[in-house]
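Right, one structure below, let's go through it.
Naming convention: chains lettered A, B, ... in sequence-line order (proteins, then strands); numbering from 1 in each chain.
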Amino acid sequence: MKRTCLSIRCFDTKPTLLPSPVPAITDIINTTKFELYHCQQSYRHHQSLSFGYSHHKTIADLLHAYVIKNGSLQSLGICNYLLNLYVRKSQNLYHAHKLFDEILARDIRTWTILISGFAHYENYKMVLHLFRKMQREGVYPNQFTLSSVLKCCSTLCELRNGKAIHGWILTNEIGLDVVLENSILDLYVKCGALDYAQRLFKSMEWKDTVSWNIMISAYLHMGHVQRALDLFLSLNFKDVTSWNTIMDGLMKNGFERTALELLYKMLEIGPMFNAFTFSIALNLVSCLSLLELGKQIHGQVLRLVLHNNGFIRNSLLGMYCKCGKMEEASMTLRTIPLKISCDDSLAEIVSWSSMVSGYVRNGKYESALQTFRFMVNEQVVVDKFTLTSIVSACANKGILELGRQVHAHIQKIGHKLDSHLCSSLIDMYAKCGSLNDAQRIFKQNIDMNVVLWTSMISAFAFHGQGQEAVQLFECMMNERIKPNEITFIGVLIACNHAGLLEEGCKYFELMQKVYGIKPGFEHYTCMVDLYGRSGRLNEAKEFIHENGISHLSAVWKSFLSCCRLHKNVEMGKWVSERLLKLEQSDAGSYILLSNMYSTDHRWEEAANVRSLMRQRRVNKLPGLSWIQLKNQVHNFFF
DNA sequence: CTAGGGTTAG
């Protein structure tokens, strides 16, 4: 039975592979003899080799063997055909490269097939290597090779190489068509050379819609939103890409509402949506948390049978994750189509890592870890994206062992720790109590960014080592790394722990005056805490009024615990009245007040607060803690 | 030319 299936498959697929331009090969393949030979061979191949060995590959290999046997390697036409077969059908670039070396008389087509093949599989180093070799051998590149090489330079941000090629084209007077000029334009944009792009754009005789679209995306990449919008609006003819580009760019620059307006406008007067539009629309929906609109788009996606598109599926998944609908997200994940091609496998990896990060984002660490275990069992590729989320889950669950295992695993497979993974690991070791390990990772990392420094500063703050945290913060500013709002939260907490009132005030001012960061309620709470803990209750009160933050209950809670710390019961009473007005049903406020009375041995008043809680039916959730001993988690209630 | 996944916040 197996044999029949295989033969049918081979015969079925054969016609698509008929190499019509090369008569010699066509003759061979058309003979029954070859067909039989091929089927027998492929049957043997299927038995001896692991599954996944495609019939295309078999055909290319057999043809290769046949060609060598018959001495047809001299025929360039056959060689190029065979090379193309390796590149396009069997996707075996290794064999293609080997064959390429065997071909003695290579023409420009031979080079083009191989170079565009490597470009297609994003092996850009090889593309550049082959291009240089080609130039050394004195072969003149054509438009196809040039556009492959230019795409490669733009992906690698190789501005120097790109400029050299542009110069070479100009001096050798190669015919520049719009397509090639657009590639160069895009190269300059991707490398961030806006001035070069503008100069080229002005000098271009013919500009098509693609050229204009590239300029729109150029302005958006540089953050010149208004210029991009003006350019977009001034276009007489806007294609789908123009609309897609402007909406995506507006969203990424923080103008989500404008992007949404344009989406509605596009529906009314613009061109038909394509797959890109749906993906962008779904991302827009997640940014704005418009779940209902998202569901409508989901319906439309199903109606148009676009749900098998990897990008769209992942945008859907991301939308549900960001809206907190994990059930729906997991449903989307479960509908991965069976057909898995080269592009789909990446999409699948992205789907899984989105799912894991979604669980972590929504605080469902246990589900994240479960998904991870499932992935390992089912041999789904776990890459650095998934690992980063998993380490973060370990950090928040305090599971040092798994965290260490993941760290060891990363070292074993030789992954370089990038900054995201490092920050996650630092955070994990710090939260699991191993400050030394956190420090070791921080020191071994070479490319430093804000998040990395912030993680380490917070790690010190977390361990009560305020002085070290502040020192590190000073180092960071010396290195001219710009702190963000989260960095300042860490620094202010550190000042709190070390009782550094003056420094805290200094940094709070620095944040606003030098770095232009508007304080959020976390910063205000830290400051109130800082004043309060130092015993300056009146200054804390003044601070609250000066900054107009008396409506924030977190601020008053922090203030109240300071009153308890300094046994200022009268002030505490006054504060708790305000607090209870703000939040009638929050157990925490009652508990704080009652605790303050008990600290001062005013048992009766403490009991009154408790009975007030009962009257108002406010329940305190019991505290829960746990410890992991020998693979078993033990829970404690308070 | 345009679309998808990760880190820091007692």
Side-chain angles (χ1 to χ4, degrees), chain A residues 151 154 178-179 182-183 185-186 189-190 208-218 220 239-249 251-252 273-284 286 309-319 321-322 343 346-358 360-361 383-393 395 417-428 430-431 449-459 461-464 483-494 496-497 520-523 525-526 529 558:
Chain A
K151 192 189 162 214
S154 80
V178 203
V179 180
N182 282 339
S183 312
L185 194 62
D186 189 49
V189 171
K190 292 272 159 63
D208 59 4
T209 317
V210 178
S211 326
W212 290 100
N213 289 344
I214 294 173
M215 285 318 283
I216 293 177
S217 78
L220 289 168
D239 67 358
V240 211
T241 309
S242 322
W243 287 89
N244 290 344
T245 308
I246 193 77
M247 288 192 299
D248 187 59
M251 175 172 62
K252 289 193 173 138
F273 284 20
N274 65 6
F276 285 76
T277 322
F278 277 103
S279 186
I280 293 165
L282 285 167
N283 299 333
L284 199 52
S286 359
N309 176 312
F311 276 97
I312 293 184
R313 208 182 48 242
N314 288 329
S315 296
L316 272 170
L317 198 105
M319 191 253 317
C321 284
K322 276 167 202 148
D343 296 337
L346 204 223
E348 203 189 321
I349 296 168
V350 174
S351 298
W352 284 99
S353 83
S354 303
M355 198 68 214
V356 172
S357 74
V360 173
R361 184 204 307 270
D383 63 3
K384 57 179 178 175
F385 291 90
T386 310
L387 287 175
T388 308
S389 301
I390 287 300
V391 172
S392 171
L417 289 182
D418 70 357
S419 58
H420 291 265
L421 208 36
C422 267
S423 323
S424 225
L425 281 168
I426 290 172
D427 184 50
M428 188 271 294
K431 288 211 174 103
N449 66 20
V450 217
V451 182
L452 216 48
W453 284 87
T454 306
S455 308
M456 198 61 228
I457 291 170
S458 308
F462 198 82
H463 280 258
N484 63 19
E485 62 274 23
I486 300 167
T487 318
F488 279 105
I489 296 176
V491 173
L492 292 177
I493 287 164
N496 246 330
H497 286 186
F521 84 93
E522 296 97 334
H523 302 101
T525 315
C526 281
D529 219 34
S558 156

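Residue-level contact check: A:Thr245 touches the backbone only, with heavy atoms under 4.0 Å from sugar-phosphate atoms and none from bases. Base engagement by A:Asp418 is indicated by at least one non-hydrogen atom pair under 4.0 Å involving a base atom. Using a 4.0 Å heavy-atom criterion, one finds that A:Thr454 contacts the bases of the nucleic acid, with or without backbone contacts as well. Using a 4.0 Å heavy-atom distance criterion, A:Ile486 is classed as a base contact. Within 4.0 Å (heavy atoms only), A:Asp383 reaches at least one base atom of the nucleic acid. Among the atoms of the strands shown, only primed sugar atoms or phosphate atoms (P, OP1, OP2) are found under 4.0 Å from some heavy atom of A:Lys252. As judged by a 4.0 angstrom heavy-atom cut-off over every strand, A:Asp529 is placed among the base-contacting residues. When heavy atoms are screened at a 4.0 angstrom cut-off, A:Ser419 is found touching base atoms of the nucleic acid.
Look at CE on A:Met428: it is 15 Å from C1' on B:dT8, rounded to the nearest Å. One can place CG of A:Asn496 at 14 Å from C1' of B:dA9, the figure rounded to the nearest angstrom. Separating the CZ atom of A:Arg361 from the C1' atom of B:dA9 is a distance of 15 Å, rounded to the nearest angstrom. Remark: P of B:dG6 and NZ of A:Lys322 are 6 Å apart, rounded to the nearest angstrom. Distance A:Asn314 CG to B:dG6 C1': 14 Å, rounded to the nearest Å. Taking atom CG of residue A:Asn309 and atom C1' of nucleotide B:dA3, one finds them 8 Å apart after rounding to whole Å. If you take NZ of A:Lys384 and P of B:dG5, they are 14 Å apart, rounded to a whole angstrom. The distance from atom CD1 of A:Ile280 to atom P of B:dA3 is 6 Å, rounded to the nearest whole Å.
Taking only side-chain atoms of A:Asp186, from C-beta outward, the nucleotide of B:dC1, B:dA3, B:dT8 with the closest atom is B:dC1. Side-chain proximity of A:Ile493 to B:dG5, B:dA3, B:dG10: nearest is B:dG10. Residue A:Val451 places its side chain closer to B:dT8 than to any other of B:dG5, B:dT8, B:dA9. For A:Ile349, taking side-chain heavy atoms from C-beta onward, the closest of the listed nucleotides B:dT2, B:dG5, B:dC1 is B:dG5. The listed nucleotides are B:dT8, B:dG10, B:dG5; the one nearest the side chain of A:Ser455 is B:dT8. Checked against B:dG6, B:dA9, B:dC1, the side chain of A:Leu421 finds its nearest nucleotide in B:dG6. Taking the side chain of A:Ser392 as heavy atoms from C-beta on, and the options B:dG5, B:dT7, B:dT2, the nearest nucleotide is B:dT7. Side chain of A:Asn213, nearest nucleotide from B:dA3, B:dA9, B:dC1: B:dC1. Of the candidates B:dG5, B:dA3, B:dC1, the closest approach to any side-chain atom of A:Ser279 belongs to B:dA3. The side chain of A:Asp427 lies closest to B:dA9 when the candidates are B:dA9, B:dC1, B:dG5.
Below the 3.5 angstrom threshold, one finds no donor paired with an acceptor across the side chain of A:Ser354 and the base of B:dG5.
Stacking annotation: A:Phe311 is stacked on the base of B:dA3 (ring centroids less than 5.5 angstrom apart, interplanar angle below 30 degrees).
Between A:Val356 and A:Trp352 the shortest side-chain heavy-atom distance does not fall below 4.5 Å. Taking 4.5 Å as the limit, some side-chain heavy atom of A:Asn274 sits within range of a side-chain heavy atom of A:Asn244.
Checked by atom type, the side-chain pair A:Thr454/A:Thr487 shows a donor-acceptor distance below 3.5 Å. Between the side chains of A:Ser424 and A:Ser392, no donor-acceptor pair of N or O atoms lies under 3.5 Å.
A:Lys431 pairs by the salt bridge (charged side-chain N to carboxylate O under 4.0 Å, His left out) definition with A:Asp427, not counting sequence neighbours.
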- Message: Please evaluate residues A:Lys322 and A:Arg361 with respect to the criterion side-chain contact (heavy atoms from CB on, under 4.5 Å), reporting the C-alpha separation (whole Å), side-chain torsions for both, the decisive distance (0.1 Å), and the verdict.
- Response: CA-CA 8 Å; A:Lys322 276 167 202 148; A:Arg361 184 204 307 270; 3.6 Å; yes
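A sub-4.0 Å separation between OP1 or OP2 of B:dT2 and a side-chain N or O of A:Lys190 is present.
Judged by distance alone, the side chain of A:Ser286 and the main-chain N or O of A:Leu282 form a donor-acceptor pair under 3.5 Å.
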